[in-house]
Trainee: 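Below is a structure I'd like to ask you about.
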Amino acid sequence: MAFDIEMIKAVYARLEERVEAARKLTGRPLTAAEKILYAHLWDGTSDRAFDRGKDYVDFAPDRIACQDATAQMALLQFMQAGKAKVAVPTTVHCDHLIQAKAGAAEDLKSANSTSAEVFNFLESVSNKYGIGFWKPGAGIIHQVVLENYAFPGGMMIGTDSHTVNAGGLGMVAIGVGGADAVDVMADMPWELKFPKLIGVKLTGKLNGWTAPKDVILKVAGILTVKGGTGAIIEYFGEGAEAMSCTGKGTICNMGAEVGATTSTFGYDASMERYLRATGRDDVADAANTVKEHLTADPEVYQNPEQYFDQVIEIDLDTLSPHLNGPFTPDLATPVAEMSKVAKENEWPLKVEWGLIGSCTNSSYEDLSRAASIAKQAVEKKLVTKAEFGINPGSEQVRYTAERDGLLQIFEELDATIFTNACGPCIGQWAREGADKQEKNSIIHSFNRNFSKRADGNPNTHAFVASPEMVAAVAISGRLDFNPLTDTLINQEGEEVKLDPPTGMELPPKGFDVEDNGYLAPVEDGSQVKVEVKEDSERLQILTPFAPWDGENITGAKLLIKAFGKCTTDHISMAGPWLRFRGHLDNISNNCLIGAVNAFNQKTNFVKNQLTGEYGGVPDVQRQYKAAGIETVVVGDHNYGEGSSREHAAMEPRFLGVKVVLVKSFARIHETNLKKQGMLGITFANEADYDLIQEDDTFNFVDLNAFAPGKPLTIIIDHADGSQDTIQANHSYNAQQIEWFKEGSALNLIKKQNRA
Ligand code: MIC
Ligand code: SF4
């Protein structure tokens with residue numbers, strides 16, 4: 001039986017009525033995404049249709065998922081909310097805190113000892129508040145969710161940007177910061193700006209070397225890292241229907257890389273097959289009874305231009321495999337052009353590592369397709385040139401793949417099988433020699449390839465590709481190898497060619513697993529003790545942020561003007577810092593250390609206006625704080641792109657930064673700033689970014705009249721005595737202004753709970 005089947009049935013029981021009501025309100029046929037959104041309104045119904053991209057709407061998600069690196073802060077906040085139990089089904093997954101080094105068995109053992117304190121904390125908080133707990137080694141959050149919890153037509157949120165993976169099973173699944181999750185855990189509405197709708201029509205059929213990954217690599221090239229911001233991407237067409245459910249998951253997963261709120265597909269036969277194969281006949285049967293409401297109305301897919309804000313068409317018959325990168329996931333190069341492009345850009349052609357895994361591409365089908373290439377290497381007597389590392393997505397996938405001989409094929413190529421966990425994808429990789437910072441190339445099936453992400457080396461050029469392409473490129477050891485046309489020389493000096501991959505959508509003998517790693521919470525958790533040691537360096541009980549004094553911010557100094565790309569990895573780096581995710585004071589020592597200072601192009605080197613000396617960002621900021629001086633961070637476009645980690649908002653808040661002023665924000669980060677009581681605003685005139693100088697002081701003129709839709713005026717004093725007056729826009733609604741006033745959204749929840 002599926003988890004929470006009664007909840008799922010209840011969603012289906014009210015679906016028809018709600019979809020019908022939404023059709024009346026909008027007066028037209030609906031997309032699949034709209035049906036799910038309207039079926040999950042907090043108030044049940046609405047008296048009007050929502051304005052896409054404008055209206056803030058309260059939703060009631062069906063479930064929540066958290067991973068270990070973000071769950072700590074989410075649950076530390078939830079503990080402050082004064083509730084006995086979470087209001088909707090919630091799970092915690094331990095996957096980010098396991099380093100890939102020697103191989104699964106050893107690595108897991110070592111993580112269980114180094115992070116024992118954090119795992120024990122998460123296990124006991126989960127037990128106390130009725131949260132399902134997936135132990136270290138059980139798998140990567142999004143694969144485990146797809147295998148166990150996702151259901152067509154459902155809505156979920158998760159404290160990880162790749163929560164969107166569950167769109168592969170027809171959900172609207174959205175990545176959020178921990179404070180958003182706390183709202184829902186505490187039985188409050190969850191607010192989201194009603195998304196715009198992008199339709200992607202997939203004609204033709206995937207074939208040869210082309211995989212679902214290539215669809216999203218292509219879409220990323222078209223939309224770029226911010227082209228999907230504020231929108232839900234809905235895929236449809238014959239090409240969508242012909243694709244596996246986990247393949248759809250891959251596509252939805254990387255929708256995070258174009259900034260999309262989420263991505264989804266209408267319910268179809270591939271989803272039904274996947275539900276049945278993963279032991280959820282009950283969900284499949286229930287979904288079949290409301291089938292027509294789990295996909296768009298037929299008119300929508302017939303005339304998509306009339307119903308979506310933007311339509312993209314991709315012909316899968318002619319789509320070619322892509323390699324995206326380096327340093328950004330939207331730099332898309334078709335394999336056939338790589339030889340030319342790599343040479344022009346002086347990207348290292350020798351590939352040192354091929355990594356297969358991450359929440360994006362670690363399904364049974366992924367492993368089987370990559371294994372079909374690996375097998376050819378063995379049979380055709382090729383010597384693998386690069387090293388191989390594999391992270392299966394879940395224990396169920398790993399167990400089944402081992403039973404079916406897939407992992408053994410990789411082992412014949414001397415691959416290391418790492419734990420079922422994120423591993424190198426999040427910098428949890430003890431890569432030998434990375435500290436030498438040599439220029440090199442690697443290829444992986446992950447979703448992100450920002451500088452330093454996998455191994456901490458800024459000179460590692462990481463390219464993103466499908467698992468089968470990773471296998472082929474790693475075997476050849478060449479970035480410019482095109483398996484469609486090129487040959488390789490084997491041990492016997494013969495010229496051989498790799499045949500296109502073959503794979504299995506689902507294991508022919510069914511999935512199997514001995515211990516899936518799940519721990520159910522006790523019925524009544526009131527007696528469960530949660531321990532946080534006073535002197536712990538990994539966990540710290542939160543102290544509420546101070547409320548706003550109602551005055552204009554004046555005399556605020558510039559902390560840093562960030563130049564170019566400033567992702568959450570730049571603001572709050574992962575890798576070695578993951579260990580401090582539950583300790584706000586300690587993790588604040590990584591605050592903005594990866595951001596490039598626009599005045600000297602260096603990282604972690606900013607001017608302290610009080611002393612005139614240069615120092616690390618956290619140090620300088622702590623000095624301002626000690627002197628009682630508020631500060632401003634200035635940034636470029638899509639500031640806060642990437643992860644959902646709210647540490648990127650909490651750290652500056654904790655250290656005393658008051659304002660983040662940028663050209664534009666990534667959605668999750670903007671919300672995280674608001675939730676933590678920060679002032680996140682945008683230049684009304686983007687060119688004003690250029691006016692900001694190193695010794696600037698900021699004075700707000702009308703913040704004391706802070707109101708929705710009303711721009712703010714800031715007078716900037718420059719060191720030479722001159723001044724500029726600029727306008728800043730904001731997107732705070734009345735409720736969010738309350739968060740700002742109270743000091744944080746959590747402060748407001750606490751106040752309301754006391755009332
Ligand atoms: C990531 O892929 O960057 C992460 C690590 O999974 C993050 C969450 C985090 O920072 O903990 C994400 O994508 O949200
Ligand atoms: Fe883990 Fe990487 Fe997926 Fe983030 S993107 S959840 S780090 S596997």
Trainee: So, does Asn207 use its side chain to make a donor-acceptor pair with the main chain of Thr210 at under 3.5 Å?
Mentor: no
Trainee: Please report the shortest heavy-atom distance between Leu488 and Ser476, naming the atom on each side.
Mentor: CD2-CB, 3.6 Å
Trainee: Could you verify whether a donor N or O on one side chain and an acceptor N or O on the other, from Asp455 and Thr460, lie under 3.5 Å apart?
Mentor: yes
Trainee: Identify the two heavy atoms, one from Asn361 and one from Pro467, that lie closest to each other, and give their separation to 0.1 Å.
Mentor: ND2-CD, 3.5 Å
Trainee: Assess the pair His444 and Phe463: is the distance between their ring centroids shorter than 6.0 Å?
Mentor: no
Trainee: Salt-bridge test for Arg453 and Asp569: reply yes if a basic N is under 4.0 Å from a carboxylate O, no otherwise.
Mentor: yes
Trainee: Please check this pair: side chain of Glu495 against backbone of Ile489, looking for a donor-acceptor N/O pair closer than 3.5 Å.
Mentor: no
Trainee: Will you find, in the side chains of Asp366 and Ser363, an N or O donor that is under 3.5 Å from an N or O acceptor?
Mentor: yes
Trainee: Will you find, in the side chains of Asn420 and Glu395, an N or O donor that is under 3.5 Å from an N or O acceptor?
Mentor: yes
Trainee: Do Leu323 and Val464 pass the side-chain contact (heavy atoms from CB on, under 4.5 Å) test, and can you show the C-alpha distance, the side-chain angles, and the key distance before you say yes or no?
Mentor: CA-CA 6 Å; Leu323 304 184; Val464 181; over 6 Å; no
Trainee: Okay, side chain of Gln408, backbone of Glu402: is any donor-acceptor separation there less than 3.5 Å?
Mentor: yes
Trainee: Return yes when atom CD of Glu514 has more than 12 non-hydrogen atoms of other residues, nucleotides or ligands closer than 6.0 Å, and no otherwise.
Mentor: no
Trainee: Report yes or no: does Asp309 contribute a side-chain atom to a donor-acceptor pair with the main-chain N or O of Ile198 at less than 3.5 Å?
Mentor: no
Trainee: Under the 3.5 angstrom rule, does the side chain of Asn638 hit a backbone N or O of Glu641 as a donor-acceptor pair?
Mentor: no
Trainee: So, Asn449 side chain and Ala462 main chain: donor-acceptor pair closer than 3.5 Å or not?
Mentor: yes
Trainee: Below 4.0 angstrom, N of the basic side chain to O of the carboxylate: do Lys205 and Glu238 qualify?
Mentor: no
Trainee: Please give me the minimum heavy-atom distance between Ala32 and Tyr301, naming the atom from each residue.
Mentor: CB-OH, 4.1 Å
Trainee: Using modelled atom types only, decide if a donor and an acceptor are shared between the side chain of Lys497 and the backbone of Leu484 within a distance under 3.5 Å.
Mentor: yes
Trainee: Using the rule side-chain hydrogen bond (donor to acceptor under 3.5 Å, both in side chains), only one of Lys350, Arg431, His461 pairs with Asn440; which is it?
Mentor: Arg431
Trainee: Does any donor atom in the side chain of Asn447 or Asn253 lie under 3.5 Å from an acceptor atom in the other side chain?
Mentor: yes
Trainee: Could you verify whether a donor N or O on one side chain and an acceptor N or O on the other, from Lys248 and Ser270, lie under 3.5 Å apart?
Mentor: yes
Trainee: How about Asp404 and Tyr364: does a side-chain donor come under 3.5 Å of a side-chain acceptor?
Mentor: yes
Trainee: May I ask you to decide whether Lys101 forms a salt bridge with Glu106, counting only side-chain N to carboxylate O separations under 4.0 Å?
Mentor: no
Trainee: What closest approach, in Å, do Ala377 and Ile475 show between heavy atoms, and which atom pair accounts for it?
Mentor: CB-CD1, 3.6 Å
Trainee: Taking all non-hydrogen atoms of both residues, which atom of Leu479 and which atom of Ser441 are closest, and how far apart?
Mentor: CD2-OG, 4.3 Å
Trainee: Do Ser394 and Gln143 get their side chains close enough for a donor-acceptor pair, meaning under 3.5 Å?
Mentor: no
Trainee: Between the side chains of Thr328 and Asp330, does any donor sit under 3.5 Å from an acceptor?
Mentor: yes
Trainee: Side chains of Ser339 and Asn482: does their closest heavy-atom pair fall under 4.5 Å?
Mentor: no
Trainee: Do the two ring centres, one from Phe236 and one from Phe308, sit under 6.0 Å apart?
Mentor: yes
Trainee: Does Asp68 come within less than 4.0 Å of Lys135, counting only side-chain N to carboxylate O?
Mentor: no
Trainee: Salt bridge or not for Arg645 and Asp160, using N-O below 4.0 Å?
Mentor: no
Trainee: Under a 4.0 Å threshold between the charged nitrogen and the carboxylate oxygen, would Asp499 count as salt-bridged to Lys380?
Mentor: yes
Trainee: Establish, yes or no, whether a centroid distance under 6.0 Å links the rings of Phe418 and Trp429.
Mentor: no
Trainee: Can you name the nearest heavy-atom pair linking Ala256 to Ser161, along with the distance?
Mentor: CB-O, 3.8 Å
Trainee: Where the side chain of Asn459 meets the backbone of Glu438, is there a donor-acceptor pair that is under 3.5 Å apart?
Mentor: no
Trainee: Can a donor-acceptor pair be found, under 3.5 Å and without considering hydrogens, that links the side chain of Asp214 to the backbone of Ala211?
Mentor: yes
Trainee: Is Lys381 salt-bridged to Glu379, cutoff N-O under 4.0 Å?
Mentor: no
Trainee: So if I apply the side-chain contact (heavy atoms from CB on, under 4.5 Å) rule between Cys422 and each of His162, Gln428, His96, Gln99, which one comes out positive?
Mentor: His96
Trainee: I'd like to know if the side chain of Asn148 reaches the main chain of Val144, judged simply by a donor and an acceptor atom lying under 3.5 Å from each other, with no hydrogens or angles considered.
Mentor: yes
Trainee: Show your working on side-chain contact (heavy atoms from CB on, under 4.5 Å) between Ile426 and Leu578 and close with a plain yes or no.
Mentor: CA-CA 9 Å; Ile426 191 56; Leu578 284 174; 4.0 Å; yes
